[in-house]
Amino acid sequence: MSAAPDGSSGEPPVLYERVGPVALVTMNRPRYRNAQNSAMTYALDEAFYRAAGDGEVKVVVLAGAGEHFSAGHDIGTPERDAHLPFERRAGLWWDHSDKQGAESRYARESEVYLGMCRRWRELPKPVVASVQGACVAGGLMLAWVCDLIVAADDAFFADPVVRMGIPGVEYFAHPWVMPPRIAKEFLFTGDRIDARRAYEVGMVNRVVPRSELAERTLELAERIAQMPRLGLALTKRAVNQAEDLQGLHAGMDSVFGLHHLAHAHNAEVAADSLGGMDVAAMKKQAGA
């Protein structure tokens, strides 16, 4: 894949295709392991909005092009665009790009990270994640907003941001997608867990051979699509409400504050709000 002069691939960051009653939404930055910049985030939002409004679509599949589902938020590619303004859709926080310090970080992450993920979780159609390779940090957030997760046998999951002094990613679903003690070990160590372990702790629904991932995910989506649209929407709403009654929504709000306390602390005592941890430093500490 050749790059444009600005470092971009020239390809759309998200692909959209409809296969019968299933919308296939595919992250399309394989060169950067589908690292999520703002352009990708807003393209995902547009794709999900399109699928929600299409009366022929019953189920959505979220996938990643290439070898990996997503290596997380973009903290170092040539297309990193955290400084740029975008039209806000997920909330009413003001534009971050002309602000400074914690005000800028909090406004941006309220919109692009926590706000977008909450918006997508409430899409009134089932969403199935199709995960291969890396599903790390911000990649977890995208998988966790989905209703079901089908993992390839080469998939691995990790949230290493405690190495930055930060208590996990912004969409802090950890104690709801896995038991609390497992969540603590997952965060305290920053270690990867493989697809089989993720299945054992209830974080994924199915583990399939890598060569069969797309086919098996589509089969599941098509089976779900045989159900009535309204029945699916109401059932999804019922389970989401139960999770919220178990503290998911309020818990995320509280951890989001701790997350930004950590950013502010890093900005005071370290090289930057990430504690000076760039991609290379994160890989080195992880032993990758």
Side-chain angles (χ1 to χ4, degrees), residues 1 9-72 74 89 116-117 119-136 138-155 157 195 198 203-229 231-233 235-236:
M1 181 183 297
S9 66
E11 295 288 327
V14 172
L15 304 177
Y16 185 97
E17 178 186 6
R18 187 160 68 79
V19 180
V22 179
L24 301 178
V25 176
T26 304
M27 293 177 283
N28 190 39
R29 299 185 73 207
R31 183 181 183 195
Y32 302 116
R33 298 186 174 189
N34 294 316
Q36 305 153 35
N37 59 5
S38 292
M40 173 183 278
T41 300
Y42 282 92
L44 280 171
D45 188 67
E46 182 177 346
F48 287 138
Y49 198 85
R50 178 178 176 183
D54 186 341
E56 299 300 315
V57 170
K58 301 281 288 294
V59 182
V60 181
V61 168
L62 175 63
E67 296 301 311
H68 300 280
F69 178 74
S70 176
D74 186 343
R89 300 177 189 170
M116 283 294 192
C117 284
R119 175 176 166 91
W120 300 336
R121 176 178 177 255
E122 297 304 318
L123 195 161
K125 296 177 181 180
V127 184
V128 183
S130 182
V131 177
Q132 81 282 6
C135 183
V136 175
L140 293 171
M141 294 168 53
L142 297 185
W144 288 348
V145 300
C146 297
D147 303 293
L148 305 178
I149 300 175
V150 180
D153 52 14
D154 70 343
F157 306 83
M203 195 174 79
V204 307
N205 297 85
R206 301 183 181 187
V207 178
V208 302
R210 174 68 181 88
S211 61
E212 300 176 14
L213 177 63
E215 177 185 359
R216 299 278 289 275
T217 305
L218 184 59
E219 285 177 358
L220 177 59
E222 290 174 335
R223 181 178 178 187
I224 295 168
Q226 296 173 16
M227 293 291 189
R229 180 172 54 242
L232 290 170
T235 302
K236 176 170 179 170

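What you see is a predicted model, and the numbers here were worked out from it, not measured in a lab. The first residue of the sequence shown is numbered 1, and numbering continues consecutively from there.
In Arg229, the CZ atom is not crowded: 12 or fewer heavy atoms of neighbouring residues, nucleotides or ligands sit closer than 6.0 Å. Taking a 6.0 Å sphere around CD of Glu212, one finds it holds more than 12 heavy atoms contributed by other residues, nucleotides or ligands. The neighbour count for Glu122 CD, taken as heavy atoms of other residues, nucleotides or ligands under 6.0 Å away, is above 12. Under a cut-off of 6.0 angstrom, the local environment of CZ in Arg89 is crowded, with over 12 non-hydrogen atoms contributed by other residues, nucleotides or ligands.
Note that the OG atom of Ser70 and the CE atom of Met141 stand 10.0 Å from one another [nearest 0.5 Å]. Glu215 CD to Ser130 OG: the interatomic distance, rounded to the nearest 0.5 Å, is 11.5 Å. Taken to the nearest 0.5 Å, the CG atom of Asp147 stands 8.0 Å off from the CD1 atom of Ile224. Taking CZ of Phe48 as the reference point, atom NZ of Lys125 lies at 12.5 Å (rounded to 0.5 Å). With rounding to the nearest 0.5 angstrom, the CG atom of Asn205 is 7.5 Å from the CG atom of Leu220. Annotation: the span from Leu44 atom CG to Tyr16 atom OH amounts to 12.5 Å, rounded to 0.5 Å.
Put simply, the side chain of Val128 reaches to within 4.5 Å of the side chain of Val59, judged on heavy atoms. Residues Val19 and Glu17 have side chains in contact (heavy-atom distance under 4.5 Å, counting atoms from C-beta outward). When side chains are defined from C-beta on, Leu24 counts as touching Val22, because their heavy atoms get closer than 4.5 Å. Two residues are said to be in side-chain contact when any heavy atoms from C-beta on lie closer than 4.5 Å; Val14 and Glu46 fail this criterion. Taking the side chain as every heavy atom from C-beta outward, Val208 and Thr217 never approach each other to under 4.5 Å. At a threshold of 4.5 Å between non-hydrogen side-chain atoms, the residues Trp120 and Leu142 count as touching. Residues Trp144 and Arg121 are not in side-chain contact: their nearest non-hydrogen atoms beyond the backbone lie 4.5 Å or more apart. Between Ile149 and Val131 the shortest side-chain heavy-atom distance falls below 4.5 Å.
A donor-acceptor contact shorter than 3.5 Å links the side chain of Lys236 to the backbone of Leu123. With hydrogens and angles disregarded, no donor-acceptor distance shorter than 3.5 Å links the side chain of Gln132 to the backbone of Ser211. Asn34 places a side-chain N or O within 3.5 Å of a backbone atom of Ala65 that can act as its donor or acceptor partner.
In terms of heavy-atom proximity, Pro21 sits nearest to Ala225 at CG-CB, 3.7 Å. Summarising the geometry of Cys135 relative to Leu140, their closest heavy-atom pair is O-CD2, 3.5 Å, with the distance given to 0.1 Å. The minimum heavy-atom distance linking Pro124 with Ala233 is given by the pair O-CB, 3.3 Å. Counting all heavy atoms, side chain and backbone alike, Val145 lies closest to Cys117 at CG1-O, 3.4 Å. Closest of all the heavy-atom pairs between Gln36 and Gly139 is NE2-N, 3.3 Å. Scanning all heavy atoms of the two residues, the minimum distance from Arg119 to Asp45 falls at NE-OD1, 2.5 Å.
A salt bridge is absent between Arg210 and Asp153; no separation between the charged side-chain nitrogens and carboxylate oxygens falls under 4.0 Å. Electrostatic pairing of Asp74 and Arg29 counts as a salt bridge here, judged by a charged N lying under 4.0 Å from a carboxylate O.
Just one residue in the list His68, Met40, Arg33 forms a side chain to side chain contact (heavy atoms under 4.5 Å, CB included) with Met27, and that residue is Met40.
Scored by the ring-ring contact (aromatic ring centres under 6.0 Å, His included) test, Phe157 finds no partners at all (sequence neighbours excluded).
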